[in-house]
Amino acid sequence: MAFRFRIDLCFAFVSILVLAECYLHLYRNVRDSGEDLLQRRLSLRARWDEMYRPHYAVREELVRPSRHVSSLRDWITPTTESVLFPDWEVLVVVSPEDEVSSESGEEYQCVFQNNATSPARPAWVLPFTKRRTFKCVIPRRIRRFRPYFQPALKRAAPAKQREIHSFRRELFRWTFLAYESLSTQNDVLLFVKGVNNRQGVNRSPSQLRCVFGNDATTAVRTAVTTSSQEVFRCRHPHLTALPHGEIENERIKISLEISDENLVVPSVAYYTPMRTVATLEPKSQLCASTMIYNAAKFLKEWVVYHSRIGVEKFILYDNGSDDELQTIVEELNQDGFNVKTVLWPWPKTQEAGFSHSAIYAKDTCKWMMYADVDEFVFSPTWLNSSTPSTKMLFSLLPNKPTSNVGQILIRCNEFGPSNQHSHPVHGVTQGYTCRRRAEQRHKSVVLLEAVDSSLVNAVHHFGLKEGFNGKKLSLSQGVVNHYKYQAWSEFKAKFRRRVSAYVVDWTDEANPTSKDRAPGLGFLPIEPKGWASKFCEVSDERLKMVTQRWFGIPWTSENKMAWEK
């Protein structure tokens with residue numbers, strides 16, 4: 001019995017030793033393999049970060065096709081930059097020296113990672129850098145990939161096997177991008193998305209610097225003097241340190257550096273030194289500026305009406321229209337109106353566009369009216385006037401040279417669909433005559449020299465320099481007829497296009513009580529029941545009667561208005 005007990009005890013002891021040795025062996029293997037796996041992961045992550053990290057430099061890297069493609073001349077890749085816009089749309093910006101033409105009949109393709117392609121449609125030539133652009137859409141089959149890489153732009157050719165070497169640059173994101181610049185005599189304006197993201201909350205200029213040059217390591221940096229919304233002002237650079245070729249060809253990239261993060265914002269903006277251009281055109285006393293997208297059908301009525309009551313020049317910021325806007329502008333100019341368009345394709349940048357116009361037009365305009373093409377300034381004091389007068393709008397402005405009024409604020413009446421089911425054939429002033437009772441918002445006429453140097457604005461009005469004040473008109477003095485809630489066929493287009501950076505998108509399920517939302521509309525572009533009769537609390541035909549008297553053509557059997565064809 002004792003002998004058996006000793007045998008069992010020895011067997012148990014040996015078993016424990018064997019199990020312990022196995023455990024230690026397995027532990028070492030797991031530890032070593034785990035450490036090896038961790039090292040491999042860290043090494044892979046380091047390589048990934050090195051290749052695909054966000055753009056910490058402005059330097060442009062070439063993305064070239066491999067030797068397997070038919071001809072390098074087919075590729076426009078080395079000097080293209082691409083930005084991912086909403087709805088999977090990609091804007092491809094091409095350097096001026098590349099032989100790319102939308103008028104030659106050639107077709108182009110965007111070639112993405114994994115050789116996925118989509119047609120590249122000619123878009124615009126950017127006005128201040130003369131860079132041609134194309135638009136294409138990211139193919140569905142690569143939308144699940146991360147990260148997205150810059151596509152190559154290639155002339156379309158008969159189907160051949162194509163191979164792309166490697167994509168080293170991530171696709172620029174529209175939400176974080178330096179997209180435009182404008183030089184003045186004393187400084188430079190830089191427009192940047194994604195740095196000041198909250199209204200009224202701006203980074204300190206001391207945290208920022210403007211960067212001039214294609215290589216961030218050798219670029220020239222200057223101090224930022226103001227930082228507000230998407231507008232940053234900085235000093236002109238001394239360019240002697242930059243490569244001569246960049247200066248000579250005016251390919252000087254400009255971006256914004258966030259110093260405490262050692263981060264340079266990706267950029268498609270280029271610096272152009274200030275030039276003094278002589279103009280024979282006299283300075284207009286009153287201009288009007290607006291941002292416009294696919295609103296050609298409304299333009300003639302808006303221009304004809306406001307020009308007859310005092311606006312001398314119109315500056316339209318075209319937000320990427322693809323309707324007949326340019327044709328209508330040419331017709332208006334041929335008829336003697338002064339209408340200029342500025343291409344401004346950047347989405348949701350109305351505040352930035354207005355800031356740009358306040359500087360861009362400062363030498364050619366004294367006062368600037370900021371109103372949309374569905375907004376018409378009107379004074380009840382004009383009701384008995386038999387004809388319009390170019391002095392009418394001036395009667396709303398301060399008439400004393402010593403006045404410190406730098407801005408006139410005019411309240412808005414919001415009109416509803418007024419039982420219209422399509423765009424009124426004689427114009428919005430004739431078709432929409434029913435409105436909400438309470439006025440909403442206001443629009444402004446601004447003395448440009450009184451605008452604060454930060455150029456801060458809320459679409460409706462600007463911040464003013466110290467010593468200037470704003471003056472709000474009473475409803476009996478002046479009002480803006482805002483034809484906001486139009487026939488559903490027109491109004492639903494606004495679901496896709498909200499131009500203000502700080503106005504909620506109607507398709508975004510946030511801020512349901514915001515004043516920017518149509519009451520009871522919801523988040524989908526589906527016509528609410530009874531839409532045609534909504535927002536009808538007060539019948540208001542004052543402007544309809546006035547415009548019929550001023551602009552009606554009595555000898556036509558169809559009662560046409562002066563802005564109709």
Side-chain angles (χ1 to χ4, degrees), residues 290 295 298 301-302 304-306 308-309 369-386 388 392-393 395-396 408-445 459-461 471-494 503 506 512-522 527-552 559 561 563:
T290 192
F298 307 103
E301 181 179 9
W302 189 75
V304 170
Y305 173 81
H306 286 102
R308 295 290 189 260
I309 61 173
M369 181 181 81
Y370 289 96
D372 297 334
V373 292
D374 60 355
E375 297 171 337
F376 290 70
V377 180
F378 164 71
S379 173
T381 62
W382 306 340
L383 279 171
N384 296 322
S385 300
S386 58
M392 285 178 163
L393 276 177
S395 68
L396 306 180
I408 298 295
L409 306 176
I410 311 174
R411 286 179 278 192
C412 299
N413 280 330
E414 293 182 347
F415 282 72
S418 306
N419 290 313
Q420 299 288 334
H421 296 276
S422 61
H423 177 63
V425 293
H426 300 310
V428 295
T429 58
Q430 305 305 297
Y432 301 116
T433 58
C434 206
R435 62 173 174 84
R436 301 175 75 179
R437 186 177 305 278
E439 73 275 2
Q440 300 285 334
R441 307 289 193 188
H442 58 264
K443 290 303 167 82
S444 62
V445 185
V459 176
H460 318 290
H461 60 267
K471 176 184 177 183
K472 182 173 287 189
L473 300 184
S474 68
L475 292 176
S476 61
Q477 291 175 302
V479 67
V480 173
N481 276 18
H482 184 186
Y483 300 105
K484 181 175 182 178
Y485 306 113
Q486 299 188 12
W488 179 254
S489 60
E490 304 298 332
F491 183 80
K492 70 178 181 181
K494 293 187 177 182
V503 170
W506 286 337
T513 60
S514 169
K515 290 184 178 180
D516 296 311
R517 292 191 178 278
L521 189 60
E527 182 175 1
K529 184 177 181 180
W531 174 263
S533 60
K534 283 184 177 293
F535 316 113
C536 184
E537 298 171 354
V538 176
S539 176
D540 187 345
E541 296 191 351
R542 292 176 298 176
L543 189 54
K544 176 181 179 178
M545 293 186 297
V546 166
T547 50
Q548 280 182 348
R549 186 187 317 139
W550 292 351
F551 303 105
N559 297 317
M561 305 296 288
W563 43 79

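Hydrogens, waters and symmetry mates play no part in the numbers below; they use all other heavy atoms, side chains included.
The side chain to side chain donor-acceptor pair (under 3.5 Å) search around Thr381 returns Ser379, not counting sequence neighbours. Every residue two or more places apart in sequence or in another chain that forms a side chain to side chain donor-acceptor pair (under 3.5 Å) with Gln477 is listed here: Ser474. The side chain to side chain contact (heavy atoms under 4.5 Å, CB included) search around Val538 returns Arg435, Arg437, not counting sequence neighbours. Remark: Ser385 pairs with Trp382, Met392, Trp550 by the side chain to side chain contact (heavy atoms under 4.5 Å, CB included) rule, at least two apart or across chains. For the side chain to side chain contact (heavy atoms under 4.5 Å, CB included) test, residues two or more places apart in sequence or in another chain that qualify with Pro424 are Gln420, Tyr432.
Nearest heavy-atom pair, Gln430 versus His426, reported as atom, atom and distance to 0.1 Å: CG-O, 3.5 Å. Looking at every heavy atom in both residues, Asp540 comes nearest to Asn413 through OD2-ND2, 4.4 Å. Residues Thr547 and Trp563 approach most closely at CB-CH2, 4.2 Å, considering heavy atoms. Scanning both residues, Gly427 and Glu301, for their nearest heavy atoms gives CA-OE1, 3.1 Å. For Phe378 against Val546, the heavy-atom pair with the smallest separation is CE1-CG2, 4.1 Å. The minimum heavy-atom distance between Ser489 and Ser422, with the atom names listed, is OG-CA, 3.8 Å.
From Gln548, atom CD reaches atom CG of Leu543 across 10.0 Å, with rounding to the nearest 0.5 Å. Separation of atoms SG (Cys434) and CD (Glu541) is listed at 9.5 Å; rounding is to 0.5 Å. In this structure, CZ in Arg411 is found 15.0 Å from NE2 in His460, a value given to the nearest 0.5 Å.
Each salt bridge (charged side-chain N to carboxylate O under 4.0 Å, His left out) pair with one or both residues in residues 373-384, not counting sequence neighbours, appears once here: Asp374-Lys494, Glu375-Lys443.
Using a 4.5 Å heavy-atom threshold, the side chains of Trp488 and His421 count as separate. For the pair Glu439 and Val479, the minimum side-chain heavy-atom distance is 4.5 Å or more. With contacts defined as side-chain heavy-atom distances shorter than 4.5 Å, the pair Ile410/Val377 qualifies. In this structure, Thr429 and Lys544 have side chains that are not in contact, with every pair of non-hydrogen atoms separated by 4.5 Å or more. In this structure, Glu527 and Lys492 have side chains that are not in contact, with every pair of non-hydrogen atoms separated by 4.5 Å or more.
The one candidate from Tyr485, Tyr483, Phe415, Phe491 that meets the ring pair (Phe, Tyr, Trp, His ring centres under 6.0 Å) condition with Phe535 is Tyr485. Exactly one of Glu414, Glu537, His482 qualifies for a side chain to side chain donor-acceptor pair (under 3.5 Å) with Arg436. That residue is Glu414.
Of the possible polar contacts, one joining the Thr290 side chain to the Ala371 backbone as a donor-acceptor pair under 3.5 Å is found. Here the side chain of Ser395 pairs no donor or acceptor atom with the backbone of Leu393 at under 3.5 angstrom.
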Met369 and His306: side chain to side chain contact (heavy atoms under 4.5 Å, CB included), yes or no, with the steps? CA-CA 10 Å; Met369 181 181 81; His306 286 102; 3.7 Å; yes
